[in-house]
Amino acid sequence: MADVSFTVDGKKLTAPAGTLLIDACKSAGIEIPAFCYYPGLSLQAACRMCVVRIEKQPKLATACTTTVAEGMNVTTESPEIAQARKATLQLLLGNHPLDCPVCDAGGECELQDMTFKYGAADSFYTEPKNHREEQQWSPVVYFDRPRCILCYRCVRMCGEGMDIFALGVQNRGSSSVIAPNIPVSESPNGMAALDCEQCGMCIDACPVGALTSGTYRYKTRPWEMNHVATVCTHCGDGCKTTLGVRSVSDGSEIVRGDNRDKSGMNGDFLCNKGRYAFDFANNIERLTSPLVRKDGKLVPVSWEEALGFAGKRLREIRDEKGANAVGVIGSNRTTNEESYLLQKFARTVIGTNNIDHHRTADYVTLATALQGTTTVAGKPRFASQRCVEKSPAILLVGGDPTNEAPLTAWNIRTNVRLNKARVYVANHRDIKLKRQAKAFTPVAEFGYAAFIDSLGEENEFTKAVKSEEKLLVVVGNELRGGELAKLIAALPHAKFALLADYANSRGAADMGVLPDALPGYQPLTGSAIASEYTSPSEPGLDLLGMFDAAANGKLAALYVVGSNPVKRYGIDATALKDTFVIVQDMFLTETAMLADVVLPAANLYEKSGSVTNSYGDVQLVSKAADKAGVRSDFEMIVRLADKFGHEIKTLVPFGKGLRADMGQTRGAQSGEADRHSVWLTANNMEPKLSPFDPFAILDEIQRLVPGYDKLLRLQLLSGNDQHIAPAGSGLVQISGSRKDLVLPAADSLFTSGSLTRYSPMLQDVQRHQADEAATPLASAD
């Protein structure tokens, strides 16, 4: 639309015709207060707080329902407007309890802020306030009815934003009340309850303390916490989350997760896991001391003893039985820097290509099939998460984003609601996103090959999809190997994204935690990175091959970082009876219980570095919390290499310039810095330059890994996401009998792999859904 010029408070502004006045003013730095207005949701015009004076109009007008017009002259603050807003506040406070000292929203309450601004603390109402008991609608959502100001943000967020409609309005006029979709009369326990995705978006949208969080309420105050922006550790969507952290006796504890500053690719969206499932980090079962097996039992020892024993034994095995007698298994929840360092450790310190990880999607085939191809406009065909927000047409093949990738589902719904995007779905299930689909074609289970073949036919679904000039294809992890390559070839004009589980599955693959590909999916011989490494040229064993070799007595040592393959792949424990096993993990998992050395590891909220989501968007993770007794995987790999007898500077190229150390791993975490300093001083190294700094290895990643060479360090440090497109070179690993190498985690909205058992909140929500929910959420109607 053409721009129009108008005046606000004497300031000349321009904005596209049709822009809401409240939005145009906000863009110009002029804040107009509002309770019922919420960006992206339908207009309610219920609260009357956003009234402004528009020249030549007889009455005050609401800025949330008025669009800008040429020559418009607006006043947003005047004694007349202040009096009108004060009267609105007095009306809202007529029955609102003034329990601010105990209300969870204290310090973050929009009503409180406006009351202080306009001086409306006194009320003309003399009648007793209408008291109601607080209600618990679910383990994570509480409702205090007297605090509710009936702005209906929660109702619209649940219906329009989440497509759940778990909240509504009962009664009319002054008797109106927000109510959940399972009324008391239909609830098995006689309490009103929510049958929803438990995302908590209603809580964040609430401008007062009417809706509060079951995990945060009455614990602390906003000003008592440090607020650290980082990336959620659960699924592959890469949501940015702001963690509220406070000091405790053994480190620092996470007490709240949200994204109220609406930054990052997810805006203010977070799902149930992102908002509440940080409690695994505070679990009392966390390992906080290294363990070494003695007389058949794992017993606590010092770090020096554990690392010394592990490094010495690993070297003995390598020297006695050869490098190929050692295997390494990486993680899809460690950072890019840790994954890169681990594969470099395997290839250059041990000298083996026996390295793999729990793959949840086939990124090797994706990179290979898309390498060197572009859209008609000459753009790379690797799609980013931001493409989902604005692409005019989306084809969803397999997968169930609502359950497996909630941000993807949120962005698809938002794109349909705000931009009228056209969505096509091909799936063997009746997924919930079918409700937003323009066309749906059912696919038989394991029948995606037939669907891909049908793209060559002239049916209505195929014609509609192929007629889209700008098409984004979001592929579920059911497709892999030849099927995935064939789909990409069948739609040469489209961009593609492949959904995976866990925070850094894509990063682990990009960083070369694979037996037959170096970082950036480069071949083991002939590539630039191969010439830099002095590593074996023959492919190593994949994850399943390593356990087969162990069962046959051909794998003498196994180093497992942040993974539980024994549980995930159903490995028989006797396969490792003759194998020396080192495990780094947070908990004593099924794999860790078989180990000879167990090293307590920090989680993604307790370290710094970068991660790459399913779409190839790289983001910075920042150290938010801390736990006494644990160490980052990065540090443990470096220290193990040191005990192995390897020259550390050839593993971590630290000290090669200012870019390598920007203080990201230290600062507030002075205890860690002090510990590093002791080691560095003992080794006659400069204390300010640390081999434990992940940014030291990021320099090498940027130099050697195709795609990541485009990474802008300043953008990353500023908290912005950057999309990268890695290269491939003819590798197609997943085919025929090895399809089992890709094993999706099958996580749902309320599960997160092995972390589920350590998250009491997730377990509470699961029980609530089982007891209270009338119908499964994931099924479409």
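- In this structure, the side chains of Leu491 and Leu395 come closer than 4.5 Å at one or more pairs of heavy atoms.
- At least one donor-acceptor pair closer than 3.5 Å links the side chain of Asn272 to the backbone N or O of Gln198.
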Where do Arg386 and Glu389 land on the salt bridge (charged side-chain N to carboxylate O under 4.0 Å, His left out) test, with the steps shown first?
CA-CA 5 Å; Arg386 294 189 183 277; Glu389 294 179 67; 3.6 Å; yes
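- With 3.5 Å as the limit, one finds a donor-acceptor pair spanning the side chains of Asp9 and Thr76.
- Residues Thr408 and Tyr615 have side chains that bring a donor and an acceptor to within less than 3.5 angstrom of each other.
- With salt bridges taken as basic N to acidic carboxylate O contacts below 4.0 Å, none links Lys240 and Asp721.
- The backbone N or O of Arg153 sits nowhere less than 3.5 Å from a side-chain atom of Gln44 that would complete a donor-acceptor pair.
- Ring orientation note: the planes of Phe461 and Tyr424 are nearly perpendicular, at an angle over 60° on the 30°/60° scale.
- Taking all atoms of both residues into account, the shortest heavy-atom contact from His234 to Lys273 is CD2-O, 3.5 Å.
- Using a distance-only test at 3.5 Å, with no hydrogens or angles considered, no donor-acceptor pair links the side chain of Lys623 to the main chain of Val228.
- Looking at heavy atoms from C-beta onward, Thr373 lies out of side-chain contact with Pro492 at the 4.5 angstrom threshold.
- Residues Leu89 and Met114 share a closest heavy-atom pair of CD1-O, 3.4 Å.
- Taken to the nearest 0.5 Å, the CZ atom of Phe269 stands 6.0 Å off from the CG atom of Leu407.
- With rounding to the nearest 0.5 Å, the separation of CE in Met201 from SG in Cys196 is 12.0 Å.
- In this structure, CZ on Phe382 lies 11.5 Å from NZ on Lys495, to the nearest 0.5 angstrom.
- A side-chain donor-acceptor contact under 3.5 Å links Thr612 and Tyr708.
- We find the CG-SG distance between Leu92 and Cys47 to be 7.5 Å, quoted to the nearest 0.5 Å.
- Rounding to the nearest 0.5 angstrom, the gap separating the CD atom in Gln385 from the CG atom in Asn411 is 5.0 Å.
- Side-chain atoms of Asn73 and Thr7 form no donor-acceptor pair, as typed in the model, at a separation below 3.5 Å.
- A distance-only check finds no donor-acceptor pair linking the side chain of His227 to the backbone of Gly244 [under 3.5 Å].
- Summarising the geometry, atom CD belonging to Glu77 is positioned 10.5 Å from atom CD belonging to Glu31; distances are rounded to the nearest 0.5 Å.
- Residues His493 and Leu471 are in side-chain contact: their nearest non-hydrogen atoms beyond the backbone lie under 4.5 Å apart.
- Of the residues listed (Asp23, Thr62, Thr65), the one engaging Tyr37 in a side-chain hydrogen bond (donor to acceptor under 3.5 Å, both in side chains) is Asp23, and it is the only one.
- Side-chain contact of Tyr38 with Asp268: a donor-acceptor pair under 3.5 Å is present, judged by distance alone.
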